[in-house]
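Written below as structure tokens is the structure these notes are about.
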Amino acid sequence: GEDVEQSLFLSVREGDSSVINCTYTDSSSTYLYWYKQEPGAGLQLLTYIFSNMDMKQDQRLTVLLNKKDKHLSLRIADTQTGDSAIYFCAEWENYGGSQGNLIFGKGTKLSVKP
Amino acid sequence: DVKVTQSSRYLVKRTGEKVFLECVQDMDHENMFWYRQDPGLGLRLIYFSYDVKMKEKGDIPEGYSVSREKKERFSLILESASTNQTSMYLCASSFAGEHTQYFGPGTRLTVL
């Protein structure tokens, strides 16, 4: 089956940029996602990128997609303590027609030190 | 805003008990999903449903069953709870043909 890999931990200082990386296996993935999970909460959709794009920017968030290397990254500019959370990368696995499912990575725990 | 609610935030049950976890969404989504989340293992799909009375096994269905009698409600059932089912359970929903899933707050289940 498809697989999504990401490092488990990242620690940065407040005000620095954070870069969370992810690799995926399904070259036919049409959508790739970043979800955020704050402590004790469910997953919140942060952003997504369609496979025909290389980059997407949304305020402090920048998503970069390298389809050749099947590499996705999430950059958070001016990281704040409120950004401390687990970040999940996910790819869409198509079963056929409109059916399919999200394949999640194990999550990267971002710790922001003041 | 999409709202996905789960019946309990925290639940403690004993081994062998039958456990019901309820999930309700208010956005008329066709698709609903149950995941469990464990440290170091990420999210694993237990069951999902594309429509009322339909269900599909995910990656780890053993020990679980589901029920979808109404479009807005998707129930996860542990027929006989075991300690290895202690976990965080997350429900999600989405429109048919759309990939974006919306998650509930999760139920942390402890089986003693």
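So you know, we letter chains A, B, ... as the sequences are listed, proteins then strands, and number each from 1.
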Problem - Which atoms of A:Leu102 approach chain B - backbone, side chain, both or neither, heavy atom under 4.5 Å - result: both
Exercise for the section: Select one option (side chain, backbone, both, neither) describing which atoms of A:Gln44 are under 4.5 Å from chain B's heavy atoms. Expected result: neither
Are [Y] and [X] connected into the same hydrophobic cluster when the rule is that any two of I, L, V, M, F, W, Y join if their side-chain heavy atoms are below 4.5 Å apart?
X       : Y       : answer
B:Leu90 : B:Ile46 : no
B:Val66 : B:Ile60 : yes
B:Met88 : B:Tyr47 : no
A:Tyr48 : A:Leu64 : no
A:Tyr31 : A:Met53 : yes

Handout entry: Choice from A:Gly105, A:Gly40, A:Gly107 maximising heavy atom contacts with chain B below 4.5 Å
Key = A:Gly40
Which heavy atom of [X] sits nearest to which heavy atom of [Y], and what is that distance?
X       : Y        : value
A:Trp92 : B:Glu98  : CH2-O, 4.4 Å
B:Phe48 : A:Asn101 : CD2-ND2, 4.3 Å
A:Leu43 : B:Phe103 : O-CB, 3.3 Å

With rounding to the nearest 0.5 angstrom, report the [atom1] to [atom2] distance, [X] to [Y].
X       : Y        : atom1 : atom2 : answer
A:Tyr33 : B:His99  : OH    : NE2   : 6.0 Å
A:Ile86 : B:Leu43  : CD1   : CG    : 9.5 Å
B:Arg44 : A:Lys106 : CZ    : NZ    : 9.0 Å
A:Glu93 : B:Leu45  : CD    : CG    : 10.0 Å

Practice task
Identify which part of B:Gln37 has an atom lying under 4.5 Å from any heavy atom of chain A, answering side chain, backbone, both or neither.
Solution key: side chain
Practice task
Side chain from CB out, backbone as N, CA, C, O: work out which of these in B:Arg9 comes under 4.5 Å of a heavy atom of chain A, or both, or neither.
Solution key: side chain
Practice task
Evaluate whether atom NZ of B:Lys71 has more than 12 neighbouring non-hydrogen atoms of other residues, nucleotides or ligands under 6.0 angstrom away.
Solution key: yes
Exercise for the section: Mark yes when over 12 heavy atoms from residues, nucleotides or ligands other than B:Phe95 sit less than 6.0 Å from its CZ; otherwise mark no. Expected result: yes
Exercise for the section: Mind telling me whether A:Phe104 and B:Tyr35 have parallel, tilted or perpendicular rings, with 30° and 60° as the class edges? Expected result: perpendicular
Exercise for the section: Would you mind listing every disulfide bond (SG atoms under 2.5 Å apart) that reaches into residues 15-112 of chain B, with sequence neighbours excluded? Expected result: B:Cys23-B:Cys91
Practice task
Verify, without hydrogens or angle tests, whether A:Tyr35 (side chain) and B:Gln101 (backbone) share a donor-acceptor contact under 3.5 angstrom.
Solution key: yes
